[in-house]
Amino acid sequence: MTERKFNADSTPVLALGYRFQWEPAQDCHVLLYPEGMVKLNGPAAEILKRISEKKQTVGELIAELKAAFNGADLDDDVYQFLEEAHDNDWIRAE
Amino acid sequence: MTTTGSEQNKAPGSTGGQMGLNAHNNIRQPLWLLAELTYACPLQCPYCSNPMDFANIKSELTTEEWINVFKQARAMGATQLGLSGGEPLARPDIIELIQEARNLGFYTNLITSGVGLDASKAQAFKDAGLDHIQVSFQSSSEDLNNLIAGTDAFQHKIEMAKAVKAAGYPMVLCFVTHRQNIDQIDEILDLAISLDADYVELATTQYYGWAMHNRDQLLPMKEQLVRAEAIAHRYQEEQKGNMKIYYVVPDYYEERPKACMNGWGNVFLTVTPDGTALPCHAARELPGMELPNVRDLSIKEIWNDSNDFNRFRGYDWMPEPCRSCDEKEKDFGGCRCQAFMLTGDPAKTDPVCSKSPDHHLVLEAIERGREEAAKPAQEAKPLVFRNPKNSKEICGL
């Protein structure tokens, strides 16, 4: 990975034209974008759901996830996912 | 908690199921619904892929019938909806259709020429939940010159492209390229830059319908493509991070066919203005089609059981050289409509493939285009424009 796009104070938002939703026919959450769809696994969905629902910093997002998942140590995983999601043009940093 | 999957070569956090034009769908659901809402169109583009006999097709689905189609396709797992035509803005119920589709959970794409669009409509579409607008520019060389010169005729289009962006959409411009405008690709891209476009698709003319009829006048020459490709790549480099440029080589110049529709009856479902369900928007012209209609049958029955949708599904229908080819899962034997138009038999290997015994037909078409291009203007075959009068005359309606 080259330079990091996210720190605790940055705010991740869905990229323009991307939509997050539950997809009954796929039995999973998905990201929809022009002419495409990505099926998401559980952890990715937990992060993107929060990003799509409200604007908050990465620090706040991680705190919320920790509260929801019994204080699990997930900082590195979240940062790694955010960087990769950014590289895929799914999200951008504000 | 891990956020990346265990398999390699897939997007982080995805379950491996990317639905794009390059992915294969194992379950076979109509993921993509193309709703050709109307054949009415204020334009007369000679490269239109609508069927030649469109003037004969009169009875458009009602608002309720379209909504019923949306509901059925959505229940079967469709996520992408293309609202197309003709010109979809010619439907007076376009906003209602967008709203219903969006409420059903579709990702809604409007594919428009921009004619009939204004700033307040763009905002109304946004309010109705429209996800995406693609504005196509009709760039015949004459029009394009006007456009570049900034004459009034095209001022409206430019205004519309800006209005789309002002309404909060990415600006997605589509230019259909052919022999008569491809040499102006740098002007086209400069125009896109000046408009602050986000995406530019340099779409090559697909030779179906009206475009096939006009192919000798439209097919670009090799040297034009070499030049255009070099320019497109240069702009791609220069615009990295600003504007994404998609450039596709016309398949007549490829060695392998395109994976048309990502496989017949695999992910794409087209419903035409009169309710005919097709595995691709050009398939109406194939011989032996039964043309099931959504007025008579459910989408489920049509998708799963109709002869049309099963006709070229999978690999069993394939002739040689496809049948034993190790690339058949990549291109599905190419395009059935192209095979029919060039060879007269839709079940043959797409002649674009250099392994096809009919590949010479593609080379001959290229040669004919070159001969036409060399003729003085007064001897060249005139372009036939897509309008109801020509449709009736040519099809003897």
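Both backbone and side-chain heavy atoms feed into the values below; hydrogens, waters and symmetry mates do not. Below, chains carry the letters A, B, ... as their sequence lines are ordered, and counting in each starts from 1. Here the structure is a predicted model, which means the values were calculated and not measured.
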Legend entry - Gap separating the OG1 atom of Thr79(B) from the OH atom of Tyr33(A), nearest 0.5 angstrom: 10.0 Å
Legend entry - chain A contact via Tyr169(B) - which portion, at a heavy-atom distance below 4.5 Å: backbone
Legend entry - Any donor-acceptor N/O pair, Gln80(B) side chain to Pro34(A) backbone, under 3.5 Å: no
Legend entry - Glu35(A) CD to Gln134(B) CD distance, which is reported to the nearest 0.5 Å: 7.0 Å
Legend entry - Distance (rounded to the nearest 0.5 Å) between Gln26(A) CD and Leu31(B) CG: 6.0 Å
Legend entry - Rounded distance [0.5 Å steps], CG in Asp131(B) versus CZ in Arg19(A): 4.5 Å
Legend entry - Side chain proximity check, Leu32(A) to His132(B), heavy atoms < 4.5 angstrom: no
Legend entry - Region of Asn70(A) that comes under 4.5 Å of a non-hydrogen atom in chain B: neither
Inset, instruction - For residues Ala25(A) and Gly77(B), report the shortest heavy-atom separation together with the two atoms involved. - result: CB-CA, 3.4 Å
Inset, instruction - Look at the side chain of Tyr107(B) and the backbone N and O of Leu31(A), then say whether any donor-acceptor pair between them is shorter than 3.5 Å. - result: no
